[in-house]
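See structure below.
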Amino acid sequence: MRPAGFDADLLVAGGGPAGLATALLARRAGLSVVVVEPRADPIDKACGEGLMPGGLARLLALGVDPAGVPFHGIAYRAGRRSAHARFAAGPGRGVRRTTLQAALRERAASAGIEWSCGRVAGLRQDAHGVEAAGVRARWLVGADGLHSRVRREAGIASAAGTPARFGQRRHYAVAPWSDLVEVWWSAHAEAYVTPVAPDLVGVAILHRRAGLGYEALLEGFPELKARLGGAGPAGPVRGAGPLRRTVRARVRGRVLLVGDAAGYEDALTGEGVSLALDQAEAAVSALVSGDLAGYEAQWRRRTRTYRLLTRGLVLLTAARPVRGAVVPLCVAVPPLFRGAVNVLAG
């Protein structure tokens, strides 16, 4: 039901996981929702495509059950050395980004969420509501990514952080050889191997070398290349970055930011979707309670472990001697590695 004088209670900018999760939670709370998204289906992006157990549980609670391949933990590998840690709380799931998007979109349609193809531009807000993309709503949630237009139009300052890191991903037509997500470490990059289908793995590479192509980066992982065994690429390379984005605030008037638009550290820990879903819960709770300002404190509390751990790891591993010690340390002290993995899994 539309509120008098408005097209919807909530306008969501961005039809990715953060935006659609926010929309679904808002509908569950009884709000009417319009999602505005400029990209045509299927929406894809550079992504490790591993849903950690906590994020998967949140998706299932929303009635979203995307097809994929279960994985049961994380392995760190460097040359012949490897450390393994299995999840204590059940498996995660490797899911193609396009498959996740389709499942969320289908669930949103069944929940009565309106969809509009366009961009949020000409944002205006007053004491009672916001207007953008031809929609008048009581609130606006910006879930439109690292380079958020909503954030800019709302007047919220942001900047690319340091060190500058970038991500590139490609799929390979080969059967997964492990029931773990493998993280291969080299002197300059990490390669994340995620099973996403019975005959497909995704290989996402995080690095600091802007402008370096995917094939050149993959050459830094000879053991991984050998493991791929000459499997052919199954799709294009997709990239993103610089990854770190500092954002001054998550709330401006009747505008809230969730997901990457709200600020981002790095993809090193694989928590992107889990974090987006957690933030969506906090944002909708703030809308329902009327405590929009309280969302800022909730965002900081809910992302604190991720921000501190990820930031610390990125800074520590920026030094080559420390990078070289990561896998040997995990091999030498298995409880430390296992504990860190299970903190991130939740």
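Residue numbers run from 1 in the order of the sequence given. Everything numeric here is computed off the predicted structure, so don't read it as measured data.
- Side-chain contact between Leu243 and Phe166: absent, with no pair of heavy atoms (C-beta onward) separated by less than 4.5 Å.
- In this structure, Arg304 CZ and Leu308 CG are separated by 7.5 Å, a value rounded to the nearest 0.5 Å.
- In this structure a side-chain-to-backbone donor-acceptor pair under 3.5 Å is missing from Arg27 to Ile113.
- In this structure, the side chains of Val12 and Val36 stay at 4.5 Å or more apart for every pair of heavy atoms.
- A salt bridge does not link Asp144 to Arg149: none of the charged nitrogens lies less than 4.0 Å from a carboxylate oxygen.
- Remark: Glu296 engages Arg250 in a salt bridge, criterion side-chain N to carboxylate O under 4.0 Å.
- Arg320 contributes no side-chain N or O that, together with a main-chain N or O of Ala187, makes up a donor-acceptor pair within less than 3.5 Å.
- For the pair Glu153 (side chain) and Gly122 (backbone), a donor-acceptor distance under 3.5 Å is present.
- Put simply, the residue from Arg39, Arg170, Arg238, Arg97 that forms a salt bridge (Lys or Arg N to Asp or Glu O under 4.0 Å) with Asp44 is Arg238.
- Atom CG of residue Leu31 and atom CG of residue Leu10 lie 6.5 Å apart, to the nearest 0.5 angstrom.
- Tested against Ser158 for a side chain to side chain donor-acceptor pair (under 3.5 Å), the candidates Arg152, Arg151, Arg248 yield a single pass: Arg151.
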- Message: Please evaluate residues Arg307 and Glu265 with respect to the criterion salt bridge (charged side-chain N to carboxylate O under 4.0 Å, His left out), reporting the C-alpha separation (whole Å), side-chain torsions for both, the decisive distance (0.1 Å), and the verdict.
- Response: CA-CA 6 Å; Arg307 288 185 289 111; Glu265 286 292 338; over 6 Å; no
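- Between Glu182 and Arg227, none of the side-chain N atoms (NZ, or NE/NH1/NH2) sits under 4.0 Å from a carboxylate O, so this pair counts as no salt bridge.
- Separation of atoms CZ (Arg252) and CG (Leu257) is listed at 9.5 Å; rounding is to 0.5 Å.
- Checking Arg209 against His188 by side-chain atom types alone, a donor-acceptor pair falls below 3.5 Å.
- One side chain, Trp299 or Gln279, offers a donor N or O that lies under 3.5 Å from an acceptor on the other.
- Here the side chain of Ser289 pairs a donor or acceptor atom with the backbone of Ser285 at under 3.5 angstrom.
- The shortest side-chain heavy-atom distance between Tyr192 and Val203 does not fall under the 4.5 Å cut-off.
- A donor-acceptor distance shorter than 3.5 angstrom exists from the side chain of Thr194 to the backbone of Gly48, with no hydrogens or angles considered.
- Screening residues 137-161 for ring-ring contact (aromatic ring centres under 6.0 Å, His included) gives no qualifying pairs among residues at least two apart or on separate chains.
- Using a 4.0 Å cut-off between charged nitrogen and carboxylate oxygen, Asp65 and Arg93 count as a salt-bridge pair.
- One finds the SG atom of Cys47 at 8.0 Å from the CG atom of Leu100 (value rounded to the nearest 0.5 Å).
- Put simply, the side chain of Thr269 never gets that close to the backbone of Thr310: no donor and acceptor are under 3.5 Å apart.
- Hydrophobic clustering (side-chain heavy atoms under 4.5 Å, transitive across Ile, Leu, Val, Met, Phe, Trp, Tyr) keeps Val183 apart from Trp177.
- Side-chain polar atoms of Glu190 and His207 form no donor-acceptor pair below 3.5 angstrom.
- Judged purely by atom type and a 3.5 angstrom limit, Asp9 uses its side chain to pair as donor or acceptor with the backbone of Ser32.
- Partners of Arg58 according to the salt bridge (charged side-chain N to carboxylate O under 4.0 Å, His left out) rule, which considers only residues two or more places apart in sequence or in another chain, are Asp278, Glu281.
- Here the side chains of Glu219 and Lys225 are in contact, with some heavy-atom distance below 4.5 Å.
- In this structure the side chain of Val174 never reaches within 4.5 angstrom of the side chain of Asp199, judged on heavy atoms.
- Within the 4.5 Å cutoff, side-chain heavy atoms of Val64 are placed close to those of Leu24.
- Side-chain contact check for Val34 versus Trp115: every heavy-atom pair is 4.5 Å or farther apart.
- Checked by atom type and distance alone, the side chain of Arg254 pairs as donor or acceptor with a backbone atom of Arg138 at under 3.5 Å.
- For Arg136 and Asp126, the salt-bridge test passes: some basic side-chain N is under 4.0 Å from an acidic carboxylate O.
- Under 4.0 Å is where a charged nitrogen must lie from a carboxylate oxygen, and between Asp41 and Arg105 at least one such pair does.
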- Item | Derivation and outcome, salt bridge (charged side-chain N to carboxylate O under 4.0 Å, His left out), residues Arg119 and Glu37 | CA-CA 6 Å; Arg119 295 184 182 277; Glu37 168 58 56; over 6 Å; no
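- Tyr306 and Val343 end up in different hydrophobic clusters when Ile, Leu, Val, Met, Phe, Trp and Tyr side chains are linked at under 4.5 Å.
- Of all heavy-atom pairs spanning Tyr295 and Ala286, the tightest one is CB-CB, 3.8 Å.
- At a threshold of 4.5 Å between non-hydrogen side-chain atoms, the residues Val327 and Trp184 do not count as touching.
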Would you list the atom pairs, donor with acceptor, under 3.5 Å between side chains in residues 67-88 and any protein atom, with sequence neighbours excluded?
| residue | atom | partner | partner atom | Å |
| --- | --- | --- | --- | --- |
| Arg86 | NH1 | Asp179 | OD2 | 3.2 |
| Arg86 | NH2 | Asp179 | OD1 | 3.2 |
| Arg86 | NH2 | Asp179 | OD2 | 3.3 |

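- With Gln125 contributing its side chain and Val130 its backbone, the two residues share no donor-acceptor pair below 3.5 Å.
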